[in-house]
Amino acid sequence: MTPAELAAVQAHLRRLLGNETIKLSTPNRKNASVELFVGSEFVGTVHRDAEDGEVSYSVQIVVLSEDLSQIN
């Protein structure tokens with residue numbers, strides 16, 4: 001993803017989800033997925049897909065079972 005795409009996707013996610021602490025970060029490793037953070041917590045990845053002249057971005061959010069609160 002280019003820096004302009006990164007900024008645009010980040011701004012869209014912030015507006016869509018109503019959270020200004022959302023941050024996208026590109027790891028230093030080549031061809032690594034863009035990382036999605038809420039505050040300082042890693043929550044998933046963002047992937048760019050270009051097919052038939054159309055570009056889309058998919059967000060994969062990871063929820064660990066140990067992060068879920070127990071419902072009694």
Side-chain angles (χ1 to χ4, degrees):
M1 252 191 262
T2 67
E5 286 176 306
L6 206 66
V9 172
Q10 178 178 282
H12 178 72
L13 290 173
R14 285 178 173 180
R15 278 191 309 274
L16 180 70
L17 301 173
N19 189 328
E20 289 297 314
T21 67
I22 290 173
K23 179 182 167 198
L24 299 184
S25 176
T26 306
N28 292 333
R29 299 177 317 274
K30 188 174 181 174
N31 296 326
S33 298
V34 171
E35 296 175 338
L36 171 63
F37 291 85
V38 176
S40 62
E41 186 171 352
F42 171 79
V43 296
T45 55
V46 178
H47 304 274
R48 182 184 190 273
D49 184 37
E51 188 174 311
D52 299 329
E54 296 288 324
V55 176
S56 64
Y57 305 90
S58 61
V59 176
Q60 182 177 12
I61 296 177
V62 178
V63 178
L64 301 175
S65 60
E66 61 213 36
D67 291 337
L68 302 175
S69 60
Q70 298 293 327
I71 299 174
N72 295 324

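Just so you know, these numbers use all the heavy atoms, side chains as well, and skip hydrogens, waters and symmetry mates.
- With a 4.5 Å cut-off on side-chain heavy atoms, His47 and Val59 do not count as touching.
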Check the pair Val62, Val43 against side-chain contact (heavy atoms from CB on, under 4.5 Å), reporting the backbone distance first and the verdict last.
CA-CA 6 Å; Val62 178; Val43 296; over 6 Å; no
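- Using a distance-only test at 3.5 Å, with no hydrogens or angles considered, a donor-acceptor pair links the side chain of Asn19 to the main chain of Thr21.
- Interatomic distance, Gln10 CD to Glu20 CD, rounded to the nearest 0.5 Å: 9.0 Å.
- Across Val34 and Pro27, no two heavy atoms sit closer than the pair CA-CD, 4.4 Å.
- Between atom CG of residue Leu64 and atom CD of residue Glu66 there is a gap of 5.0 Å, rounded to the nearest 0.5 Å.
- Between the side chain of Glu5 and the backbone N or O of Thr2, at least one donor-acceptor pair lies under 3.5 Å.
- Once rounded to the nearest 0.5 Å, the distance linking CG of Leu24 with CG of Leu36 reads 6.0 Å.
- Both Ile22 and Ile61 are part of a single hydrophobic cluster, where members link through side-chain heavy atoms under 4.5 Å apart.
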Where do Phe42 and Glu35 land on the side-chain contact (heavy atoms from CB on, under 4.5 Å) test, with the steps shown first?
CA-CA 7 Å; Phe42 171 79; Glu35 296 175 338; 3.8 Å; yes
Working for side-chain contact (heavy atoms from CB on, under 4.5 Å), residues Arg14 and Leu16
CA-CA 6 Å; Arg14 285 178 173 180; Leu16 180 70; over 6 Å; no
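- Note: Lys23 NZ to Leu6 CG = 10.0 Å, rounded to the nearest 0.5 Å.
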Tyr57 and His12: CA distance, side-chain angles, deciding distance, side-chain contact (heavy atoms from CB on, under 4.5 Å) verdict:
CA-CA 11 Å; Tyr57 305 90; His12 178 72; over 6 Å; no
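- The line from OG of Ser58 to CZ of Arg48 is 11.5 Å long, rounded to the nearest 0.5 Å.
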